[in-house]
Amino acid sequence: MAIQPIRLFGDPILRTRALEVVTFDKELRKLVQDLTDTMLEAPGAGLAAPQIGVGLRVFTWNVDGEVGHLINPTLDLSDEEQDGPEGCLSLPELTYDCKRALSVVAAGFNMHGEPVRIEGSQLLARAIQHETDHLDGVLFIDRLDSEARKAAMREIRQSEWFATEQPVIKTSPHATRGFGF
């Protein structure tokens with residue numbers, strides 16, 4: 001069991017498109033296990049590789065007692081939508097209603113390189129879409145309407161976790177010729 005630190009909002013890897021997995025080996029199986037262990041420990045409904053600092057297209061989920069993973073996902077989304085609460089392990093204590101497709105058919109591979117197809121609706125569909133977004137460098141707050149997104153950003157800036165993760169740089173209103181005193 002290898003619990004990994006979860007990257008928080010502001011980390012550039014969360015905004016970077018992850019690379020396709022091309023090698024299905026022991027290292028990939030370890031990554032899937034680390035993702036699963038970290039997700040279950042958090043606990044969360046899903047976790048994508050970029051959230052633990054790995055830029056590969058891999059995610060895990062834990063919905064209604066079903067734990068799974070998907071590699072190099074492609075999604076076919078329903079036209080019917082759902083609107084409901086969503087949060088993210090990379091944005092602790094933040095929950096906002098977010099629109100998603102009601103159901104999804106996801107295709108990809110398991111950790112052994114075998115093709116898999118996952119069909120889900122409601123929470124499983126939401127988790128698969130949320131984690132696939134992470135692989136594209138998209139956070140759920142990007143999908144909020146402008147008013148909710150502004151509120152979320154305000155909440156993030158005021159959060160204790162965000163304030164402690166950001167460097168504090170004080171500048172003087174007086175010229176110091178590039179030296180900070």
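Values in this document were obtained by computation on a predicted structure and should not be read as measured data.
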Sequence-distant partners of A101, side-chain contact (heavy atoms from CB on, under 4.5 Å), two or more places apart: L77, S78, Q129
Qualifying ring-ring contact (aromatic ring centres under 6.0 Å, His included) pairs with a residue from residues 57-82, counting only residues at least two apart or across chains: none
Single-linkage hydrophobic cluster, 4.5 Å side-chain cutoff, V138 and Y96 together: no
Modelled atom types, side-chain donor and acceptor of Q51 and S90, under 3.5 Å: yes
Reported NE2-to-CG distance for the pair H112 and D25, which is rounded to 0.5 angstrom: 12.0 Å
Check: R126 and C98 side chains under 4.5 Å, non-hydrogen atoms: yes
Audit row: E86, T95, side chain to side chain contact (heavy atoms under 4.5 Å, CB included) steps and yes/no: CA-CA 5 Å; E86 196 163 321; T95 304; 5.9 Å; no
Stepwise side chain to side chain contact (heavy atoms under 4.5 Å, CB included) test for D64 and E66: CA-CA 6 Å; D64 298 328; E66 179 188 346; 5.8 Å; no
Smallest separation among heavy atoms of D97 and P85, with atom names: OD1-N, 3.1 Å
Check: I118 and V104 side chains under 4.5 Å, non-hydrogen atoms: no
Remaining members of the apolar cluster that contains L102, side-chain heavy atoms under 4.5 Å: none
I156 CD1 to F9 CZ distance, which is reported to the nearest 0.5 Å: 4.5 Å
Residue among D83, D136, D133 satisfying salt bridge (Lys or Arg N to Asp or Glu O under 4.0 Å) with R143: D133
Closest non-hydrogen atom pair, A125 against Q82: CB-NE2, 4.2 Å
Nearest heavy-atom neighbours spanning L124 and G120: CD2-CA, 3.8 Å
Under 3.5 Å donor-acceptor, T38 side chain and Q4 backbone: yes
Whether over 12 other heavy atoms sit under 6.0 Å from E80 CD: no
E81 atom CD: more than 12 heavy-atom contacts under 6.0 Å: yes
Ring pair (Phe, Tyr, Trp, His ring centres under 6.0 Å) partners of H134, counting only residues at least two apart: H130
D142 and R15 ion-paired at < 4.0 Å: yes
Minimal non-hydrogen separation, R157 against F162, with atom names: CA-CD2, 3.8 Å
Under-4.0 Å salt bridge between D145 and R149: no
Heavy-atom side-chain contact between C88 and L94 under 4.5 Å: no
Non-hydrogen atoms of A18 and P50 that approach each other most closely: CB-CG, 4.2 Å
Members besides F24 in its Ile/Leu/Val/Met/Phe/Trp/Tyr cluster (side-chain heavy atoms under 4.5 Å): I6, L19, V21, L28, L31, V32, L35, M39, L40, L47, I52, V54, L56, V58, V67, I71, L89, F109, M111
Check: R57 side chain, L135 main-chain N or O, donor-acceptor pair, under 3.5 Å: yes
Heavy-atom pair of closest approach, residues A45 and V63: O-CG2, 4.0 Å
Cluster companions of V22 among Ile, Leu, Val, Met, Phe, Trp, Tyr (side-chain spacing under 4.5 Å): none
Flag, side chain of D37 to backbone of A2, donor-acceptor distance under 3.5 Å: yes
